[in-house]
*Asks:* 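Below is the structure I would like to discuss, written out as structure tokens.
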Amino acid sequence: MKTSYPSQMSVVTRFAPSPTGRLHVGNLRTALHNWLFARRSGGRFLLRLDDTDRERSRADLVEAIRADLAWLGVKADAEHRQSQRFDRYDAALARLAAAGRAYPAYETAQELELKRKVQLGRGLPPVYDRAALGLTAEDRARLEAEGRRPHWRFRLDHDAPIEWEDLVRGRQHFEPRLLSDPVIRREDGTWLYMLPSTVDDIELGVTHVLRGEDHVTNTALQVQMFEALGATPPAFAHEALLVGSEGKLSKRLGSLGVEAMNEAGIEPIALAAKLARIGTSLPVEPVASLQPLVESFDFATFGRAPARFDMEELKALNARIVHGLPHQAVADRLPHGMSAADWEAIRPNLACVDEAAGWWDILHGHVEQNAPEEDREFLSRAAELAAAIDWSESPWTALASALKTATGRAGKSLFHPLRRALTGRDSGPEMAALLPLIGRDEAVARLRSAAGLS
RNA sequence: GGCCCCAUCGUCUAGCGGUCCAGGACGUCGCCCUUUCACGGCGAAAACACGGGUUCGAGUCCCGUUGGGGUCACCA
């Protein structure tokens, strides 16, 4: 079943990382999905930096995040920073407070921690008891006189069951009594995630919030915030998280980012192809561009169970993509002077583009090889024949058949010593393609050298 | 512990009561091509977690068990 997308309403999605760390595969997948969905529906994709935490946010990481997204091929249509929008959040809190939907609370972090422990100890859910709601004006004055400063909580409406139609999880239902009134502003006046995110989604016109399922309970809380602020909540889609190949949640996954991909020689399009379709019912297949991923994007294909991310599978996909890369797509990354013919000859044997460098010497440099005693005479004969055959047509076929006739060798015993002597390796691309590129003189020299003749 | 998801081949999944002795993709294995290894082409093996119901009939609906994931911060 295909999901039908709104045609009149213009879609606006957003990716909202906080610049406190580098992006990893999980983040990158969410960013990509938001971008793909926006492109698919002719909408806009926003990058919103959630940098309300001054201590932990770093400017260099903002740049790194942009670079990581660009590497993947994802570019934002607009960018916003929460650190420049504090006045909006002040205004929103003032409105909520005036409407009785936000209230000051004075417990310390330690006191709250203790309450939770007691509740948990009794087998009760650790939900905030709303003690601060019972504070009188005198109580508050006394606390402030003692030097206490309040943090602020959003007051959930216990009589309004929370519901939304999730684009990947279906109908969701939450009972507000079982949830804590979320703290929205710290004692020191700085903002927590909840309110700024809601305010921005409203004011920036976000129509679809696509994020990981670790946000579902946040969404339950935010649905009421949207309503308390007089806005209609956007559509929500919570995708299942990625887990490591071992099955359990993996620490390693959190450190798998663009840097690790570059180290492993993974092409951006390979990661994009993997990330776009992992956990969906669509096949993970080699693609040449992001376009097919845009066209096939569909929430209806998303699974609801966590999917395993396996680096080995990614490498295999990467290899298949490399095998199809045209010369002009990689020319600037190949050894200087490597021709299209060179590239096409070695390409089917590469796991990543970097490996091309290793083939440069084999094609146009030198190979030193000493063959085992039993092959020396054979190779010496090969050198003579290589010098004698016609190189204009298909020298490999000519050399092989002449050698077969002359020595009686066939199959592996015929080919393996030749491959080793000519390329220095046990495996590689088809010799018929390599030999003409190596050239007659160099081939003869290598065969003689391997035979111990020079 | 409460709440929310999930449970089909090794992996990601299709399946929305009969058309399923369960389909696809990746991986694995085999064959072909290549007078070698790879690439490529073709083909095969491979799964409904368990226990109760409901029903003429259950992978498909209900309950439970077990297992997996998420969340319950003055993180995001």
Side-chain angles (χ1 to χ4, degrees), chain A residues 1 16-18 20-21 50 52-53 56 105 107-110 112-113 116 119-128 149-153 166 168-170 172-175 177-180 182-194 196-197 211-220 238 240-243 245 247-249 274 277-285 301-310 312-313 316-317 319-320 323-324 346-351 396-397 400-401 403-404 409-420 425-433:
Chain A
M1 184 179 63
S18 124
T20 54
D50 286 8
T52 57
D53 189 332
R56 297 199 303 148
E107 296 93 339
T108 63
Q110 293 74 17
L112 291 170
E113 178 67 21
R116 278 192 294 267
Q119 286 168 313
L120 236 20
R122 287 193 197 144
L124 296 169
V127 174
Y128 177 57
R149 304 248 64 99
H151 55 276
W152 287 77
R153 287 185 186 261
D166 197 281
V168 347
R169 314 182 109 210
Q172 300 289 297
H173 181 102
F174 281 86
E175 205 47 63
R177 303 171 186 284
L178 302 174
L179 273 14
S180 294
V183 175
I184 50 183
R185 189 175 210 178
R186 291 192 185 91
E187 181 186 337
D188 67 3
T190 58
W191 295 100
L192 266 348
Y193 172 73
M194 284 290 170
S197 179
R211 64 212 320 195
E213 71 176 351
D214 51 337
H215 279 285
V216 278
T217 29
N218 287 340
T219 295
H238 294 90
L241 269 21
L242 253 28
V243 294
S245 48
K248 302 251 180 186
L249 191 66
K274 183 74 179 172
R277 318 254 259 212
I278 186 174
T280 74
S281 56
L282 296 167
V284 175
E285 58 194 358
T301 65
F302 280 57
R304 282 164 226 182
R308 295 172 195 231
F309 180 87
D310 186 344
E312 292 312 307
E313 286 179 8
L317 174 67
R320 291 175 67 200
H323 299 162
I346 64 165
R347 178 176 72 169
N349 214 258
L350 304 180
W396 178 249
T397 316
S401 38
L403 257 175
K404 189 179 181 184
R409 288 201 189 194
K412 193 161 187 165
S413 68
L414 172 66
F415 290 100
H416 188 70
L418 289 177
R419 176 179 285 285
R420 263 213 86 73
R425 299 196 183 189
D426 291 317
S427 69
E430 226 180 302
M431 287 304 300

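Below, chain A is the first sequence line, B the second, and so on; all start at residue 1. Just so you know, these numbers come straight off a predicted model, no measurement behind them.
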*Asks:* If you check the A:Ser281 side chain, which of B:rC39, B:rA14, B:rC3 turns out closest?
*Replies:* B:rA14
*Asks:* State whether A:Arg308 places a side-chain N or O below 4.0 Å from either non-bridging phosphate oxygen (OP1 or OP2) of B:rC26.
*Replies:* no
*Asks:* Taking B:rU11 as the reference, what is the distance to B:rG2 when you measure between their C1' atoms (whole Å, please)?
*Replies:* 33 Å
*Asks:* Using whole Å, what does the distance between atom C1' of nucleotide B:rC12 and atom CD1 of A:Ile278 come to?
*Replies:* 7 Å
*Asks:* Using only side-chain N and O atoms of A:Ser413, determine if any of them is under 4.0 Å from OP1 or OP2 of B:rU36.
*Replies:* no
*Asks:* Whole angstrom is fine here: how far is it from NE2 in A:His215 over to C1' in B:rG69?
*Replies:* 16 Å
*Asks:* Taking the side chain of A:Asp50 as heavy atoms from C-beta outward, which of B:rA76, B:rU36, B:rC39 is closest to it?
*Replies:* B:rA76
*Asks:* With both distances under 3.5 angstrom, what nucleotide forms a Watson-Crick or G-U wobble pair with B:rC16?
*Replies:* none
*Asks:* Side chain to side chain contact (heavy atoms under 4.5 Å, CB included) for A:Trp396 and A:Glu430? Distances and angles first, verdict last.
*Replies:* CA-CA 10 Å; A:Trp396 178 249; A:Glu430 226 180 302; over 6 Å; no
*Asks:* Report the distance from atom CD of A:Glu312 to atom P of B:rC12, rounded to the nearest whole Å.
*Replies:* 16 Å
*Asks:* Give A:Pro126 one of three labels, base, sugar-phosphate or nothing, depending on what nucleic acid heavy atoms sit under 4.0 Å from its own.
*Replies:* base
*Asks:* If we only count heavy atoms from C-beta on, is the A:Glu213 to A:Arg169 side-chain gap below 4.5 Å?
*Replies:* yes
*Asks:* Please state how far atom CG in A:Leu179 lies from atom P in B:rC72, giving the value in whole angstrom units.
*Replies:* 10 Å
*Asks:* Provide, to the nearest angstrom, the distance between the CG atom belonging to A:Leu241 and the C1' atom belonging to B:rA76.
*Replies:* 13 Å
*Asks:* When all nucleic acid strands are considered with a 4.0 Å heavy-atom cut-off, which category describes A:Ile184: base, sugar-phosphate, or nothing?
*Replies:* nothing
*Asks:* Can you confirm whether A:Trp152 sits close enough to A:Trp191 that some side-chain heavy atom of one is under 4.5 Å from a side-chain heavy atom of the other?
*Replies:* no
*Asks:* Which base, if any, makes a Watson-Crick or G-U wobble pair with B:rU60, both distances under 3.5 Å?
*Replies:* none
*Asks:* Closer than 4.0 angstrom, basic N to acidic O: yes or no for A:Arg420 and A:Asp426?
*Replies:* yes
*Asks:* Return the pairing partner of B:rA49 with a 3.5 Å limit on both distances, Watson-Crick or G-U wobble; otherwise return none.
*Replies:* B:rU65
*Asks:* Looking only at the side chain of A:Arg153 (C-beta and beyond, no hydrogens), which of the listed nucleotides B:rC74, B:rU36, B:rG69 gets closest?
*Replies:* B:rC74
*Asks:* Taking B:rG1 as the reference, what is the distance to B:rU65 when you measure between their P atoms (whole Å, please)?
*Replies:* 12 Å
*Asks:* Given B:rC75, is OP1 or OP2 found less than 4.0 Å from the side-chain N or O atoms of A:Arg186?
*Replies:* yes
*Asks:* Determine the Euclidean distance between corresponding C1' atoms of B:rG10 and B:rU60; express it in Å to zero decimal places.
*Replies:* 24 Å
*Asks:* From CG of A:Asn349 over to P of B:rC39, roughly how many Å is that when rounded to an integer?
*Replies:* 8 Å
*Asks:* Do A:Arg277 and A:Glu285 come close enough that some side-chain heavy atom pair is under 4.5 Å?
*Replies:* yes
*Asks:* Is there a side-chain contact between A:Phe415 and A:Met431, using heavy atoms and a 4.5 Å cut-off?
*Replies:* no
*Asks:* I want to check one thing: is the phosphate of B:rC75, taken as OP1 and OP2, less than 4.0 Å away from some side-chain N or O of A:Arg56?
*Replies:* no
*Asks:* Once rounded to the nearest 0.5 Å, what's the spacing between atom NE2 of A:His151 and atom OG1 of A:Thr108?
*Replies:* 9.0 Å
*Asks:* Using Watson-Crick or G-U wobble geometry with both distances under 3.5 Å, which nucleotide pairs with B:rG1?
*Replies:* B:rC72
*Asks:* Please state whether the phosphate of B:rC26, meaning OP1 or OP2, lies under 4.0 angstrom from any side-chain nitrogen or oxygen of A:Arg320.
*Replies:* yes
*Asks:* Could you check which nucleotide pairs with B:rU54 in any of the strands shown, counting Watson-Crick or G-U wobble with both distances under 3.5 Å?
*Replies:* none
*Asks:* By the rule that syn is within 90° of 0, classify the base conformation of B:rC26 as syn or anti.
*Replies:* anti
*Asks:* Return the pairing partner of B:rA38 with a 3.5 Å limit on both distances, Watson-Crick or G-U wobble; otherwise return none.
*Replies:* none
*Asks:* Expressed in angstrom and rounded to an integer, what is the separation of A:Glu175 atom CD from B:rC4 atom P?
*Replies:* 10 Å
*Asks:* When the nearest nucleotide of RNA chain B is assigned to A:Gly411 and to A:Val127 on a heavy-atom basis, which residue is associated with the more 5' position?
*Replies:* A:Gly411
*Asks:* What's the closest nucleotide to the A:Phe415 side chain, out of B:rU36, B:rG69, B:rC6?
*Replies:* B:rU36
*Asks:* Looking at A:Arg409 and A:Lys404, what are the two nearest heavy atoms and their distance?
*Replies:* O-CG, 3.2 Å
*Asks:* Work out how far the C1' atom of B:rC75 is from that of B:rG67, and round it to whole angstrom.
*Replies:* 29 Å
*Asks:* For A:Val284, which contact category applies under a 4.0 Å heavy-atom criterion: base, sugar-phosphate, or nothing?
*Replies:* sugar-phosphate
*Asks:* Using a heavy-atom cut-off of under 4.0 Å over every strand shown, decide if A:Thr280 touches base, sugar-phosphate, or nothing.
*Replies:* sugar-phosphate
*Asks:* For B:rC33, give its Watson-Crick or G-U wobble partner with both distances under 3.5 Å, or none.
*Replies:* none
*Asks:* Categorize A:His238 for me: base, sugar-phosphate, or nothing, with a 4.0 angstrom heavy-atom threshold over every strand shown.
*Replies:* nothing
*Asks:* Give the nucleotide from the list B:rC3, B:rA76, B:rA38 with an atom nearest to the side chain of A:Leu178.
*Replies:* B:rC3
*Asks:* With hydrogens left out and only the distance checked, is there a donor-acceptor pair under 3.5 Å joining A:Asp214's side chain and the base of B:rA76?
*Replies:* no
*Asks:* By the 4.0 Å heavy-atom rule, please label A:Arg347 as base, sugar-phosphate, or nothing.
*Replies:* nothing
*Asks:* Can you tell me, in whole Å, how much space there is between the P of B:rG52 and that of B:rA58?
*Replies:* 13 Å
*Asks:* Taking all heavy atoms of A:Tyr193 and all of A:Arg211, pick out the closest pair and write down the distance.
*Replies:* OH-NH2, 2.7 Å
*Asks:* So what does A:Glu107 touch, heavy atoms closer than 4.0 Å: a base, only the sugar-phosphate, or nothing?
*Replies:* base
*Asks:* Could you measure between the two C1' atoms, the one in B:rA47 and the one in B:rC20, and give it in whole Å?
*Replies:* 13 Å
*Asks:* Base, sugar-phosphate, or nothing: which does A:Gly279 touch, judged by heavy atoms less than 4.0 Å apart?
*Replies:* sugar-phosphate
*Asks:* In whole angstrom, give me the gap between the P atoms of B:rC37 and B:rC29.
*Replies:* 15 Å
*Asks:* Just call it for A:His323: base, sugar-phosphate, or nothing, with non-hydrogen atoms closer than 4.0 Å on any strand.
*Replies:* sugar-phosphate
*Asks:* Quiz question: going by heavy-atom distance under 3.5 Å, is there a donor-acceptor pair between the base of B:rC5 and the side chain of A:Arg304?
*Replies:* no
*Asks:* Of the options B:rC5, B:rA73, B:rG2, whose atoms approach the side-chain atoms of A:Glu213 most closely?
*Replies:* B:rC5
*Asks:* Remember a base hit wins even if backbone is also touched, and classify A:Asn218 as base, sugar-phosphate or nothing at under 4.0 Å, heavy atoms.
*Replies:* base
*Asks:* If you look at every heavy atom in A:His238 and A:Thr219, which pair is closest and at what distance?
*Replies:* NE2-OG1, 2.7 Å
*Asks:* Using atom C1' of each nucleotide, how far apart are B:rU8 and B:rA22 to the nearest Å?
*Replies:* 8 Å
*Asks:* Which listed nucleotide (B:rU71, B:rC74, B:rG69) is nearest to the side chain of A:Thr217?
*Replies:* B:rU71
*Asks:* Nearest whole angstrom, please: distance from the C1' of B:rU71 to the CZ of A:Arg169.
*Replies:* 10 Å
*Asks:* With both distances kept under 3.5 Å, what pairs with B:rA25, Watson-Crick or G-U wobble?
*Replies:* B:rU11
*Asks:* Nearest heavy atom decides the nucleotide; on that basis, is A:Leu192 or A:Phe174 closer to the 5' end of RNA chain B?
*Replies:* A:Phe174
